[in-house]
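Note sheet for the following structure.
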Protein chains: 2
Amino acid sequence: MKLSTKGRYGVQAMFELALYYGEGPISLKVIAENEGLSEHYLEQLIAVLRKADLVKSIRGAQGGYMLSAPPDKITVGDVIRTLEGSLAPSDCVVEDIPFECSRSGGCPTKVVLEKIRDAINKVIDSITLQDMVDDYKKMIQKNSYMYYI
Amino acid sequence: MKLSTKGRYGVQAMFELALYYGEGPISLKVIAENEGLSEHYLEQLIAVLRKADLVKSIRGAQGGYMLSAPPDKITVGDVIRTLEGSLAPSDCVVEDIPFECSRSGGCPTKVVLEKIRDAINKVIDSITLQDMVDDYKKMIQKNSYMYYI
DNA sequence: TAGAAATCCGAGCAAAATAGTCGGCATTAA
DNA sequence: TTAATGCCGACTATTTTGCTCGGATTTCTA
């Protein structure tokens, strides 16, 4: 039940964009360096986010990426689902288009899986990028006496 | 973020054992048939559950498996974690022994991952096999007018 | 106008995980 | 004694993951 790196790196990258929201485009190079990720790999992920209209790009020198909406309008769920698809723990409980197993109607395991799915969705849909930025800034202040990477 | 079949089949098998708890050993063949699973594959999974002392086995003809504790003492979390390991969505937030990434202290993504982890754990640790059995029996009654597989 | 800095695009690929299958031995009830 | 059943280890095909690589295109800036 691990999130793949797609989802995790995607959230990390979107957090960076949220941090610099309103300050013009940020290049992939900067994002990758700040978060310690492969630039080439991030490229693939951000292409998906761009097609889903979560980020905008500006080509050419001094170009880069920016959020296409304010950080408080984009949730972690938007990002993760765009990159990983539904977070349903099984195909039989994917929202709207569940793959029907033979005993779909009366399967007690399905009930369990639905509860897991709903719990995950509730969490990721309730956290916005702005929440992450706020948390981060609060933490930096709190720990300003120590050396932070 | 899918549960592998290990976890799902494991829960299905344990549900079967819960359904027949107190009625002597149930053979893998029966479990596999009832749930529509491969008997050989289930064998591997139940071996893990046996080593974790969640089920007991009786060898030889008329042998089989049974829960080693009453269904209300075994949670879905016990079963899934035994078969899949921690349900933390990333290695950096595995309970007790997280794999430390470079920015572990101040990583805002980690906070998100911890919340997902906790939400999942809360759900699976709150559902016992007895709960599944109760749900199932209630549902059968409710739908007794229709033909159920 | 040249060149550097970016994004964009598609192909390829090694390693790991997944989801099993298969064959045979050991045990025990009938 | 035989059939039913659990126990065990090896093997494997397929899919997913997590990238890398090369090059084309766009655009800012000097």
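Cluster annotation: B/V48 is connected to B/Y65 through the hydrophobic network of ILVMFWY side chains, with a link wherever side-chain heavy atoms come within less than 4.5 Å. The cluster map of Ile, Leu, Val, Met, Phe, Trp and Tyr, joined by side-chain heavy atoms under 4.5 Å apart, puts B/Y9 and B/L19 in the same cluster. If you chain together hydrophobic residues whose side chains sit under 4.5 Å apart, A/Y41 and A/L37 fall into the same group. No continuous path of ILVMFWY side-chain contacts below 4.5 Å connects A/M66 to A/V79, so the two sit in separate hydrophobic clusters. Grouping the Ile, Leu, Val, Met, Phe, Trp and Tyr side chains by contacts below 4.5 angstrom, directly or via other members, places A/I74 with A/V133.
Rounded to an integer number of Å, the gap from CG of A/L83 to P of D/dG18 is 12 Å. Going from atom CE of B/M1 over to atom C1' of D/dT16 covers 16 Å, rounded to whole Å. A/Y41 places its OH atom 14 Å from the P atom of D/dT16, with the value rounded to the nearest Å. Atom-to-atom, CG of A/L37 to P of D/dT20 comes out at 11 Å; the value is rounded to the nearest Å. A straight line from CD of A/E39 to C1' of D/dG22 spans 15 Å, rounded to a whole angstrom. The separation between A/I31 atom CD1 and C/dA5 atom P is 18 Å, rounded to whole Å. Atoms CG (B/D91) and P (D/dG18) sit 10 Å apart, rounded to a whole Å.
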Could you walk me through whether A/D125 and A/R81 pass the salt bridge (charged side-chain N to carboxylate O under 4.0 Å, His left out) test, one step at a time? CA-CA 10 Å; A/D125 288 335; A/R81 265 190 296 265; 2.3 Å; yes
N/O-N/O pairs, protein side and nucleotides 28-30 of chain D side, under 3.5 Å:
unit_1: D/dC28; atom_1: O4'; unit_2: A/A61; atom_2: O; d: 3.4

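Side chain of B/S68 to backbone of B/L54: a donor-acceptor contact under 3.5 angstrom is found.
Nearest nucleotide to the side chain of B/K29, out of D/dT5, D/dG18, C/dT7: D/dT5.
Contact annotation: A/S38 reaches the phosphate of D/dT20 (side-chain N/O to OP1 or OP2, under 4.0 Å). Regarding contacts with the backbone of D/dT16, every side-chain N or O of A/S4 stays at 4.0 angstrom or more from both OP1 and OP2. Using a 4.0 Å cut-off, some side-chain N or O of A/Y9 falls inside it from OP1 or OP2 of D/dC19.
Taking every heavy atom of residues 42-57 of chain A and every atom of DNA chain C, pairs under 4.0 Å involve A/E43, A/Q44, A/R50, A/S57, by number.
The residue from B/K138, B/Q130, B/K137 that alone fulfils the side chain to side chain donor-acceptor pair (under 3.5 Å) condition with B/D134 is B/Q130.
Residue whose closest nucleotide on DNA chain D sits further toward the 5' end, between B/L28 and A/K6: B/L28.
A/Q12 and B/T109 share no donor-acceptor pair across their side chains, judged by distance under 3.5 Å alone.
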